Amino acid sequence: MNKLVAYFSAEGHTAQVAKEFAERIGADLFEIVPEKPYTTADIRWMNPIARCNREQFSGKDVPVATHVENFVQYDTIYLGFPIWYGAAPKVVYSFCKGYDWSGKMVHAFATSGGSGIGKTAEKLMPYVGGALSVDAVLVKSAADL
Ligand SMILES: Cc1cc2nc3c(=O)[nH]c(=O)nc-3n(C[C@H](O)[C@H](O)[C@H](O)COP(=O)(O)O)c2cc1C
């Protein structure tokens, strides 16, 4: 089985989990990097006009700068991200739209500031059409995976 750990992380928490987990299971590691990286001001969600809030409510894609080579080779994709507004950040959905998920097993994992995993998996499903299965767990560290 070929495994990929693909992650987005704005502040480093999910990145740390993803790296440790990928190393442990011997998976390839891929970082979802937005074309325009997030600054500290961009993710200050208490500010109504911060980039994160504008993106959240605009419905537009958040372009991704990086691309997975030979995505077809992977059977299982572990998809890591922080919970933003109770679900995956928009850039993760934009990433997902770029690939054919047919026949893949998708295991999402998320870090958060306190929220539960909620309906994260259900909200992800439309973007990974054709996947064999989709589930999601909340983690504090790689030990939770
Ligand atoms: C724009 C934005 C929205 C967030 N929304 C939530 C949320 O709805 N619930 C929550 O518990 N934490 C929320 N957080 C906190 C992050 O989920 C948490 O700090 C996460 O571990 C950050 O991961 P990272 O370091 O990989 O970016 C939010 C953070 C940002 C920047």
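Quantities reported herein were computed from a predicted structural model and do not represent experimental measurements. All ligand and atom numbering here is 1-based and tracks the order in the structure.
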Item to check | Nitrogen or oxygen of Ile43 less than 3.5 angstrom from that of ligand 1 | outcome: no

Checklist outcome for this item: Residue, atom and distance of the protein heavy atom nearest atom 19 (O) of ligand 1 read Glu11 OE1, 3.9 Å

Item to check | Exam field: side chain Thr66 to backbone Glu31, donor-acceptor pair closer than 3.5 Å | outcome: yes

Checklist entry - Who's the nearest protein heavy-atom neighbour of atom 10 (C) of ligand 1, and how far? => result Ser115 OG, 3.2 Å

Item to check | Distance filter under 4.0 Å to Cys52 heavy atoms, resulting ligand 1 atoms | outcome: 1 (C)

Checklist entry - Should Val91 and Tyr93 be marked as a side-chain contact (heavy atoms from CB on, under 4.5 Å) after you check the CA-CA gap, both sets of side-chain angles, and the distance that decides it? => result CA-CA 5 Å; Val91 68; Tyr93 296 148; over 6 Å; no

Next on the checklist: Check Lys90 with Asp61, please: is the shortest side-chain N to carboxylate O separation under 4.0 Å?
Outcome noted: no

Checklist entry - Looking only at distance, does Ala10 have an N or O less than 3.5 Å from an N or O of ligand 1? => result yes

Checklist entry - Should the pair Lys104 and Phe71 be classed as cation-pi, given the thresholds of under 6.0 Å to the six-membered ring centre and 45° from the axis? => result yes

Checklist entry - Nearest protein heavy-atom contact for atom 5 (N) of ligand 1: which residue, which atom, what distance? => result Tyr85 N, 3.1 Å

Checklist entry - Going by distance only, is there an N or O of Gly114 that falls short of 3.5 Å from an N or O of ligand 1? => result yes

Next on the checklist: Just to confirm my output: which protein heavy-atom neighbour is closest to atom 22 (C) of ligand 1, and how far is it?
Outcome noted: Pro82 CB, 3.5 Å

Checklist entry - Nearest protein heavy atom to atom 20 (C) of ligand 1, by residue and atom, and its distance? => result Thr111 OG1, 3.3 Å

Checklist entry - Backbone, side chain, both or neither: what part of Trp45 comes under 4.0 angstrom of ligand 1, heavy atoms only? => result side chain

Checklist entry - Given Tyr38 and Glu55, is the side chain to side chain donor-acceptor pair (under 3.5 Å) satisfied, shown in steps? => result CA-CA 12 Å; Tyr38 289 92; Glu55 281 177 356; 2.6 Å; yes

Checklist entry - Do any nitrogen or oxygen atoms of Gly113 come within less than 3.5 Å of a nitrogen or oxygen of ligand 1? => result yes

Checklist outcome for this item: Rounding to 0.5 Å, atoms CG (Asn47) and CD1 (Ile49) come to a distance of 5.0 Å

Next on the checklist: Give me the nearest non-hydrogen protein atom to atom 6 (C) of ligand 1 as residue plus atom name, then the distance to 0.1 Å.
Outcome noted: Ile83 O, 3.2 Å

Checklist entry - So does Lys119 have more than 12 non-hydrogen atoms from other groups sitting under 6.0 Å from NZ? => result no

Next on the checklist: Is there a polar contact between ligand 1 and Gly12, counting only N or O atoms under 3.5 Å apart?
Outcome noted: yes

Checklist entry - For Tyr78, which of Phe109, Tyr7, Phe21 qualifies under ring-ring contact (aromatic ring centres under 6.0 Å, His included)? => result Phe21

Checklist entry - Is there a donor-acceptor pair closer than 3.5 Å between any side-chain N or O of His13 and the backbone N or O of Gly113? => result no

